Protein chains: 2
Amino acid sequence: MENLIPDETIRHTLLSRLSEQVPDFDFAAVQLSAQLLMSSQQTVNLFENHFAQWGLSQGRFAILMLLYNLPENDWTPVKLAEATHVTKATVTGLVNNLSRDGYITRRQHPDDGRKISLRLSESGEQLVRGMIPQHFERISQIYSNLDGQQIKQICDALALLQRAIMPGAAREIRQ
Amino acid sequence: MENLIPDETIRHTLLSRLSEQVPDFDFAAVQLSAQLLMSSQQTVNLFENHFAQWGLSQGRFAILMLLYNLPENDWTPVKLAEATHVTKATVTGLVNNLSRDGYITRRQHPDDGRKISLRLSESGEQLVRGMIPQHFERISQIYSNLDGQQIKQICDALALLQRAIMPGAAREIRQ
DNA sequence: CAAATATAGTTAGCCGCCTTATTATCTCAA
DNA sequence: TTGAGATAATAAGGCGGCTAACTATATTTG
């Protein structure tokens, strides 16, 4: 499973070499960024591995959940792209595979010839209905070692981080 | 940029639907997992966008840094794969592209006919030498809104999370 | 020494992300 | 009313992950 940050020993000598080259080398920030990247990758992997149990990925799961739980929304590729924050082209790919696997169906939209109406198939509904209890049980279990106060502590830290890097993130995207 | 977690409004109705279906629905854990995934994605995107400035990615950057800063290591694809925690095949792909772009060179290893010795080319060295100051300046700047106490707070939260999910992560992989 | 096994690297092919066209349809305004 | 521009979906092609299978070389062992 990917990670890309070298472990302690290599990272340590790497940082010491770098600190010789870079004036004002900011150890704290670099360590923090490494921790964040490692922790991020770990979280993503945890969920991807979990979903793999049902042959799903984060993206496939997100689409199935939206179709299953909010069927009144008359989902189209564009709506899914907006809801899941990926591009239309990515949705096309996910929808291709999900429909190839028989979980969803495309049909012409009655009102607008450009649109495609997406629905869960019978087997798609079955899949979701079957996985939901285990899925949410598992999420609860993953974090079961944390008490309410600790969860709050983590959420606070994430919010703090969010606020601190938000302007930076916005500037990045423009670049 | 990907994210996959729907925003507040959709997420809210989604969760309320789910809580009707799932007995003992653990709001706190689900919210935490959503926050973690969003925050993870944001962190990864921040760095990927930052690297894109030089036509790099996390993986390409990791390899260049190791070749540049620890040249005495006599790097081979396998060593890089171990150091960066990706598969050999992934390293082959990254090395293909980096060498196509003229940043690194492959040569036969003198001692062992199976091995390939990887080195930075002149232009690879130039690239790294040129980007290092800006890169680390940028990292420092990204987190410049945080004081030492806040950085510690975030690191503590990450460590807490790490300890809490570690056994879960290990079990997952086996699955 | 020869055969079995281990190791290094690549290839092939899948997935999900992206950007940049392209095509089809719809809407609006001259 | 028709022609320009907006919008919906897909296609094509790149990237970086992965697994599984393959080749070539070393090593170990009977």
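Since this is a predicted model, take the numbers as computed values, not measurements. Naming: A, B, ... by sequence-line order, numbering from 1 per chain. Values below: all heavy atoms of this structure, side chains included; hydrogens, waters and symmetry mates excluded.
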For atom [atom1] of [X] and atom [atom2] of [N], their distance in whole Å:
| X | N | atom1 | atom2 | result |
| --- | --- | --- | --- | --- |
| B:Phe51 | C:dC18 | CZ | C1' | 18 Å |
| B:Ile116 | D:dT23 | CD1 | P | 18 Å |
| A:Trp75 | D:dA9 | CH2 | C1' | 17 Å |
| B:Glu82 | C:dT7 | CD | C1' | 11 Å |
| A:Ile63 | C:dC15 | CD1 | P | 14 Å |
| B:Asn45 | C:dG16 | CG | P | 18 Å |
| A:Phe47 | C:dG16 | CZ | P | 18 Å |
| A:Glu48 | D:dT19 | CD | P | 13 Å |

Exercise. Ignoring the backbone of B:Arg114, work out which of D:dA24, C:dG9, D:dG16 is nearest its side chain.
Key: D:dA24
Exercise. When you get a sec, tell me which of C:dC18, D:dC18, D:dA24 is the closest nucleotide to the side chain of A:Val86?
Key: C:dC18
Quiz prompt | Contact list for residues 136-162 of chain A, test ring pair (Phe, Tyr, Trp, His ring centres under 6.0 Å), sequence neighbours left out | solution = A:Phe136-B:Phe25
Exercise. Specify the residues of residues 87-111 of chain B, ordered by number, for which at least one heavy atom lies under 4.0 angstrom from an atom of DNA chain C.
Key: B:Lys88, B:Ala89, B:Thr92, B:Arg106
Between [X] (side chain) and [Y] (backbone), is there a donor-acceptor pair under 3.5 Å?
| X | Y | result |
| --- | --- | --- |
| B:Glu2 | B:Gln41 | no |
| B:Arg11 | B:Ala34 | no |
| B:Trp75 | B:Leu80 | no |

Quiz item: With a 3.5 Å cut-off and no angle check, do the side chains of B:Asn3 and A:Thr84 form a donor-acceptor pair?
Solution: no
Quiz item: Touch check for B:Leu4, heavy atoms < 4.0 angstrom, all strands: base, sugar-phosphate only, or nothing?
Solution: sugar-phosphate
Quiz item: Within less than 4.0 Å of OP1 or OP2 of D:dG16, is there a side-chain N or O belonging to B:Ser57?
Solution: yes
Quiz prompt | Spacing of B:Arg17 atom CZ and A:Tyr68 atom OH [to the nearest 0.5 Å] | solution = 11.5 Å
Quiz item: More 5' along DNA chain C: A:Asp112 or A:Gly59, using each one's nearest nucleotide?
Solution: A:Gly59
Quiz item: Do B:Lys152 and B:Asp156 meet the salt-bridge criterion of a basic N to acidic O distance under 4.0 Å?
Solution: yes
